[in-house]
**Student:** 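To start, I am sharing the structure in question, which I have written as structure tokens.
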Amino acid sequence: MIKITFPDGSVREYKKGTTAMQIAESISPRLAQEVLAATVNDKVTGLQVPIEEDSTFKLHKWDDREAKQTFWHTSSHLMAEALQELYPGIKFGIGPSIESGFYYDVDSPEPITEADLERIEKRMLELARTDEPVECRSVTKREAMDTYTTKGDQYKTELIGDLEDGTITFYTNGAFTDLCRGPHLPSTGAIKAIKLTSVAGAYWRGNEKNKMLTRIYGITFPKKSMLDEYLVMLEEAKKRDHRKLGKELELFHFSQRVGQGLPLWLPKGAALRERLEGFLRSVQKEHGYQQVITPHIGMKDLYVTSGHYAKYGKDSFQPIHTPDEGEEFLLKPMNCPHHCEIYRVKPRSYRDLPLRFAEFGTVYRYEQSGELHGLTRVRGFTQDDAHLFCRPDQLKEEFKKVIDIVLYIFNVLKFNDYTAQVSLRDKVDREKYIGTDENWNKAESAIIEAAAEKGLKTIVEYGEAAFYGPKLDFMVKDALGRSWQLGTIQVDYNLPERFDLTYKGDDDQLHRPVMIHRAPFGSLERFVAVLLEHTAGKFPLWLAPDQAVVLPISEKYNDYAEKVSKFLNNHDIRTQVDDLNEKIGRKIRDNELKRIPFLLIVGEKEQEAGEIALRVQGEGDKGSMTMADFAAYVNKLVAEELDAARAVN
RNA sequence: GCUGUUGUAGCUCAGUGGUAGAGCACUUCCUUGGUAAGGAAGAGGUCGCGAGUUCAAUCCUCGCCAACAGCUCCA
């Protein structure tokens, strides 16, 4: 007998070899119908797998991540079964579940396009209706290898080559058997709604030197209605796409004539961006930063010294030559080398440190054309950059202060769902990095400790460090769930050495400062993009390019509207007049769609009383008040928005 | 950069082997209207760019450019 411990602490006994499904049924046959996966001793498992030892045990229904992952993983096998039937000779790479759905990478003898997805879906549904059991079988490495070598399947044999004998399992649904760790649903019948979403290329094993396989993405649900809901949700998310909103709200534009990935900021976008810059500038001033300004180009040698040229030279805009070809300059791809030169302007004392040089520095990087994406990935962008030069004993404190700034800014802008990622070296591929192990270890532990002392919940990613040092990155998701790095804080022992930066210590000796690179927004471009998607264009009041618009009932009141607008602008409220020759209903509609926070309607009544009739975006009519009262009200709201965030921090 | 899809008016899109259409936006006129689209008229396009096939190409073929999805990359 084996003892099974449930989450509520209760313990029951079962025969050895009892499956998770049987346990679910023993608790309640009705419950068992909804259960999709189980966690046994902290490992997610299929319901059909026998349990051989005492275990802690938890069942998962649809809402659990574990259940969805199992469901989608089985769905990918179901798709493979259909593909195997429809495309004889097809070979399979890997087919995992992902955050929303699943994919399978295949090498098909004939091309598979979006047009084929419907018939694959159809076949999947037919197969699912037969409710085939999914069976698990342990095999030896030899047996596994033989199965695929006879088929001439280079992909699966390569995968098996990396596995340990004794840990290998095959899963079978219908005519399809796959090398797979599981877990899976007990049978395919639970899959009731299927949508194959897209086809794309993907390199085998994620290496661009390998063959490109066809990746088919899909998502499935236990109910048709859930699929419909999902598709509606996707449509809604697309409406929040910053590229769409940027166009609708006239914030930015890309011109083919200017060039790929080179955004033009339109007046409203520029206004928004300037407010963000002004806000950060004032926060940084409070924290002892000094603004500096550096040019957009620098001698190639500058980047050879920094090490950036060796690493990224070939992926940069190519050098600009002087007319006599005597000298080469690069468009500035980062600001750090310039700031290092500012440090070198004069001898520094330990008393001067930390020094904090900040700049809204525009940089240019020749990103791969396929990588460009709205404002989130561009070829010319402005970093809210700063470089801090400190003594080694100041490093941790300085780092923690930067974390404070980042968190404060995220708070003000209500980015609560960020992930803090500690980006460390790749443990294996040391070639990618410069500098000594000793310095790397110091830098990495400084970040880990500072984050821990700040109580930040972090995830650790290896191989995500910059080539000169580890990072603490703040990742935020866009409307469609794609993750973007916004804020970043990096520790660097390398550039100070490469630029031979020194300070005189209290021992009268020269010492090496440590450098912190940091950018709370990351770049203004990407930050505005993510902000747009988070707010759906309804910016916080203090940030909105236009805060209020005055709508005269008819042209007779245009003069009064101008007067109101002037009054409010004099009271720091960004106000326009909509004097279009249209009915009031029309003007309300236009300006609601522009996401203007306050609509101020003025007609005969208001003109006589010196008032405005207030309408709040998305909330409708709020009645009348005097101009002065409205101005006071708005100014109070703006102040509260900023104070509230400060208080939370 | 790679694989695939797309490219028609400022925007959103329809359409055809015989050189183009809608709605919105724009201009003018009428209207002066009280809380999410008032009416009429007008103007606007080398159908992404370049070649090829054809009597004839916006439509078919090829190349390039750009956008989109994914992969790879991201100082």
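Naming: A, B, ... by sequence-line order, numbering from 1 per chain.
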**Student:** Strictly by modelled atom types, are A:Ser423 and A:Glu464 linked by a side-chain donor-acceptor pair under 3.5 Å?
**Tutor:** no

**Student:** Is A:Arg205 side chain donor-acceptor paired with the B:C71 base, going by distance under 3.5 Å alone?
**Tutor:** no

**Student:** Does A:Glu606 make a side-chain donor-acceptor contact with the base of B:G34, cut-off 3.5 Å?
**Tutor:** yes

**Student:** Expressed in angstrom and rounded to an integer, what is the separation of A:Tyr312 atom OH from B:C74 atom P?
**Tutor:** 6 Å

**Student:** In whole angstrom, give the distance that lies between atom CZ of A:Phe252 and atom P of B:C11.
**Tutor:** 14 Å

**Student:** Could you tell me how far B:C47 sits from B:C60 if I compare only their P atoms? Round to whole Å.
**Tutor:** 15 Å

**Student:** I need the CD-P distance between A:Glu582 and B:U35, as an integer number of Å.
**Tutor:** 15 Å

**Student:** Can you find a donor-acceptor N/O pair under 3.5 angstrom joining the side chain of A:Tyr203 to the base of B:G1?
**Tutor:** yes

**Student:** Between B:A9 and B:G15, how far apart are the C1' atoms? Round to whole Å, please.
**Tutor:** 15 Å

**Student:** What is the distance from CH2 of A:Trp484 to P of B:C73, rounded to the nearest Å?
**Tutor:** 14 Å

**Student:** Is there ring stacking between A:Tyr217 and B:G70, where the centres must be under 5.5 angstrom apart and the planes under 30 degrees?
**Tutor:** no

**Student:** Quick check on RNA chain B: between A:Gly620 and A:Leu580, whose nearest nucleotide comes earlier from the 5' end?
**Tutor:** A:Leu580

**Student:** Nearest-Å distance, CG (A:Leu593) to P (B:U12)?
**Tutor:** 15 Å

**Student:** Go through the N and O atoms of the side chain of A:Arg243 and the base of B:C68, and report whether any donor-acceptor pair is under 3.5 Å.
**Tutor:** no

**Student:** Rounding to an integer number of Å, can you tell me how far A:Lys587 NZ sits from B:G38 C1'?
**Tutor:** 13 Å

**Student:** Regarding B:A36, can its base be found pairing with the side chain of A:Arg615 as donor and acceptor, where the two atoms are less than 3.5 Å apart?
**Tutor:** yes

**Student:** With the side chain of A:His373 defined as its heavy atoms from C-beta on, choose the nearest nucleotide among B:A36, B:A75, B:A69.
**Tutor:** B:A69

**Student:** With rounding to the closest Å, how many angstrom separate the C1' atoms on B:G48 and B:A57?
**Tutor:** 16 Å

**Student:** For B:A66 and B:C74, measure between their P atoms and round to the nearest Å.
**Tutor:** 22 Å

**Student:** Between B:U16 and B:G45, how far is it from one C1' atom to the other, in whole Å?
**Tutor:** 16 Å

**Student:** Mind checking the P distance from B:A20 to B:G33? Whole angstroms is fine.
**Tutor:** 45 Å

**Student:** Given the ring of A:Tyr87, does A:Arg119 sit roughly above its face, with NZ or CZ under 6.0 Å from the centre of the six-membered ring and within 45° of the axis?
**Tutor:** yes

**Student:** Return the value, rounded to whole Å, for the distance between atom CD of A:Glu592 and atom P of B:A37.
**Tutor:** 11 Å

**Student:** Using the C1' atom as the reference point in each nucleotide, state the distance between B:U58 and B:G17 in Å, no decimals.
**Tutor:** 10 Å

**Student:** Rounded to whole Å, please give me the gap between NZ in A:Lys244 and C1' in B:A67.
**Tutor:** 15 Å

**Student:** For the pair A:Arg595 (side chain) and A:Ala536 (backbone), establish whether a donor and an acceptor sit closer than 3.5 Å, ignoring hydrogens and angles.
**Tutor:** yes

